[in-house]
Undergrad: 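Okay, here's the structure, questions in a sec.
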Amino acid sequence: MSHLGGGSLLLAWQLKGKHVLIVGGGDVASGRIESVLAADARVTLISPSNGLHTLTKSFLDGPYNITYHDRLFGGVEDLADVDLVLTAIDDVAQSRVICCLCRELKIPVNVADIPESCDFYFGSQIRDGPLQIMISTNGNSPKLANIIRKKVEQSLPEHAGDAITRVGELRVKLKERAPGVGGAIGKRRMRWMIDVCTSWEMEELALLDDQMIRRLLDDGWEKNVVPSPGELGARSSRQVYEAKLNLTTAGVLVTTLSFVAGATCAGLLLLVRRR
């Protein structure tokens, strides 16, 4: 076993409806705003308008749940009813003051570029629909985290986000059909979902629709088996691949024929002119 300690507890923090205060409106702050809006947080932004990044302005102009104050941080009164604080300003002394106030009030805080003033780190993130992956270096090297993120992203299967969405819908329908927490039914439900996810390819799961989900439950769950996509009348991953290949080949063929036809016409036109 590797040595324990020195790491962070990685969590998927549920911020829906929570009040997040962001101090600063520049480049870094715009990324913070995007992250918390994606988590459905309720945002208050404090920053002078002359320091707003283009992306920050677009969020303020959009249909987002943001309250904006065109000024500097005003003190402890700005922390009333706040669940989370993010600062991204150039004033290091002011950032440390905000950090101290937050810790006195037991409010989690992240101060950009000052690791010791952070109760948590953002890391480098990958998102594909419901799929979220975070690469963290525990504040040691944000650039390396970004490089690693790109390598991980390139290795992910296509349609992973769609597959997760469809499996989530299947899971909800299964719970409606076989409700209950724990016990024999819970174990059977978990085992069957595991078998579905390991028996079907990612592209096949991504193609699940309402009719296929219903058939999968009728012909699979009720009989305690996992039918193949073909048995449900769906295309297998091999068929999906061949269809893509045929489409690509057809596109290349059409492009090639168009080029040849164009070249032939141009040649004939030159011959006509010479005569």
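Treat the numbers as computed from the prediction; the structure is a model and nothing was measured.
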Undergrad: Heavy-atom count around Q211 CD within 6.0 Å, excluding the residue itself: above 12?
TA: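 Check fails, neighbour count at 12 or below.
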Undergrad: Kindly work out whether a path of hydrophobic side-chain contacts (I/L/V/M/F/W/Y, heavy atoms less than 4.5 Å apart) joins V172 to I213.
TA: no
Undergrad: Side-chain heavy atoms nearer than 4.5 Å, only ILVMFWY residues, links allowed to pass through others: does that put V28 and I114 together?
TA: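 Different clusters.
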Undergrad: Please give me the minimum heavy-atom distance between S30 and H53, naming the atom from each residue.
TA: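 Answer, listing the atom of S30 first, then H53: OG-ND1, 4.0 Å.
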Undergrad: Considering residues, nucleotides and ligands other than N140, do more than 12 of their heavy atoms fall under 6.0 Å from its CG?
TA: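 Result for CG/N140: enclosed.
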Undergrad: Backbone N or O of S228 within a donor-acceptor pair of the W200 side chain at under 3.5 Å?
TA: no
Undergrad: Quick one: salt bridge (Lys or Arg N to Asp or Glu O under 4.0 Å) partners of R215, sequence neighbours excluded?
TA: D219
Undergrad: Using 0.5 Å steps for rounding, measure from the CD1 atom of I66 to the CG atom of L45.
TA: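 Separation between the atoms: 7.0 Å.
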Undergrad: Could you walk me through whether S117 and V109 pass side chain to side chain contact (heavy atoms under 4.5 Å, CB included), step by step?
TA: CA-CA 8 Å; S117 295; V109 60; over 6 Å; no
Undergrad: Minimum heavy-atom separation for M212 to L207, with atom names?
TA: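 Where M212 meets L207 most closely, the heavy atoms are SD-O, 3.6 Å.
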Undergrad: Restricting to side-chain hydrogen bond (donor to acceptor under 3.5 Å, both in side chains), what partner residues turn up for R171, sequence neighbours left out?
TA: none
Undergrad: Ion pair present between D210 and K173, side-chain N to carboxylate O less than 4.0 angstrom?
TA: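 Looking at K173 together with D210, the answer is no, because their closest N to O distance does not fall below 4.0 Å.
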Undergrad: Taking atom types as modelled, is there a side-chain donor on T44 or H69 under 3.5 Å from an acceptor on the other?
TA: no
Undergrad: Flag the pair L205 / V196 as yes when at least one side-chain heavy-atom distance between them is below 4.5 Å, and no otherwise.
TA: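 Touching, per the 4.5 Å side-chain cut-off.
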Undergrad: Determine whether L55 and L37 fall in the same hydrophobic cluster, where Ile, Leu, Val, Met, Phe, Trp and Tyr are linked whenever their side-chain heavy atoms lie under 4.5 Å apart.
TA: yes
Undergrad: Pairs in or reaching into residues 65-79: which pass salt bridge (charged side-chain N to carboxylate O under 4.0 Å, His left out), with residues at least two apart or in two chains?
TA: R71-D78
Undergrad: Just wondering, are more than 12 heavy atoms of other shown residues or ligands nearer than 6.0 Å to CG in D90?
TA: no
Undergrad: Tell me whether D119 at atom CG has more than 12 heavy atoms from other residues, nucleotides or ligands lying less than 6.0 Å away.
TA: yes
Undergrad: Do M193 and L216 belong together in a cluster built from hydrophobic side chains that touch within less than 4.5 Å?
TA: yes
Undergrad: Tell me if a side-chain donor or acceptor on N110 pairs with a main-chain N or O of F120 at a distance below 3.5 Å.
TA: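 Answer holds: yes.
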Undergrad: Got a sec, which residues hit ring-ring contact (aromatic ring centres under 6.0 Å, His included) with F59, two or more places apart in sequence or on another chain?
TA: Y64
Undergrad: Is there a side chain to side chain contact (heavy atoms under 4.5 Å, CB included) between L170 and L217? Walk through the geometry before answering.
TA: CA-CA 8 Å; L170 172 62; L217 291 171; 3.9 Å; yes
Undergrad: Please find the pair of heavy atoms, one from G161 and one from P130, that lie closest to each other, and give the distance.
TA: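 Closest approach of G161 to P130, heavy atoms only: O-CD, 3.6 Å.
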Undergrad: With a 3.5 Å distance limit and no angle check, can you tell me whether Q14 reaches the backbone of A12 through a side-chain donor-acceptor pair?
TA: yes
Undergrad: State, to 0.1 Å, how close A29 and A88 come at their nearest heavy-atom pair, and which atoms those are.
TA: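 Taking every non-hydrogen atom into account, N-CB, 3.8 Å.
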Undergrad: Between CE of M190 and CD1 of I185, what distance do you get to the nearest 0.5 Å?
TA: 12.0 Å
Undergrad: Listed by chain and number, what are the side-chain hydrogen bond (donor to acceptor under 3.5 Å, both in side chains) partners of N146, not counting sequence neighbours?
TA: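 For N146, the residues satisfying side-chain hydrogen bond (donor to acceptor under 3.5 Å, both in side chains) (neighbours in sequence not counted) are R149.
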Undergrad: Suppose the criterion is salt bridge (charged side-chain N to carboxylate O under 4.0 Å, His left out): which pairs have a residue in residues 180-195, not counting sequence neighbours?
TA: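 Applying salt bridge (charged side-chain N to carboxylate O under 4.0 Å, His left out) to every pair that reaches into residues 180-195, excluding sequence neighbours, yields R191-D195.
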Undergrad: In the structure I gave you, are the side-chain heavy atoms of I133 and L156 within less than 4.5 Å of one another anywhere?
TA: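 A side-chain contact exists here, since the closest heavy-atom pair is under 4.5 Å.
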Undergrad: Heavy atoms, side chains only, cut-off 4.5 Å: are M202 and E158 in contact?
TA: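 No - every pair of side-chain heavy atoms lies 4.5 Å or more apart.
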Undergrad: Working to the nearest 0.5 Å, report the span between OG1 of T56 and CD1 of I22.
TA: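 These two atoms lie 8.5 Å from each other.
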Undergrad: Quick one: closest heavy-atom pair of A145 and T137, and the distance?
TA: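 Heavy-atom minimum between the residues: CB-CG2, 3.8 Å.
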Undergrad: Do E169 and R166 sit within salt-bridge range, that is, some charged N less than 4.0 Å from a carboxylate O?
TA: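 Yes, charged N to carboxylate O under 4.0 Å.
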Undergrad: Identify whether I89 and V111 are in the same connected component of the hydrophobic contact network (ILVMFWY, side-chain heavy atoms under 4.5 Å).
TA: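 Yes, it is one cluster - the side chains of I89 and V111 are joined through contacts under 4.5 Å.
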Undergrad: If you look at every heavy atom in R32 and A112, which pair is closest and at what distance?
TA: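 Nearest pair, atom of R32 first, then A112: NH2-CB, 4.1 Å.
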Undergrad: Could you check E116 against R96 for side chain to side chain contact (heavy atoms under 4.5 Å, CB included), going step by step and ending with a plain yes or no?
TA: CA-CA 10 Å; E116 64 271 20; R96 293 188 189 280; 3.7 Å; yes
Undergrad: Applying side chain to side chain contact (heavy atoms under 4.5 Å, CB included) to V97 and Q94, what does each step give before you reach the verdict?
TA: CA-CA 5 Å; V97 168; Q94 179 71 313; 3.8 Å; yes
Undergrad: Using modelled atom types and a 3.5 Å cut-off, is there a donor and acceptor pairing between side-chain atoms of S136 and backbone atoms of N138?
TA: yes
Undergrad: Counting only N and O atoms by type, is there a donor-acceptor contact under 3.5 Å from the side chain of D83 to the main-chain atoms of H19?
TA: yes
Undergrad: Has the side chain of Y68 got a donor or acceptor atom that lies under 3.5 Å from a matching backbone atom of S49?
TA: yes
Undergrad: Once rounded to the nearest 0.5 Å, what's the spacing between atom CG of L21 and atom CD1 of I107?
TA: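 The distance works out to 8.5 Å.
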Undergrad: Does some side-chain heavy atom of F73 sit less than 4.5 Å from a side-chain heavy atom of V85?
TA: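 Not in contact.
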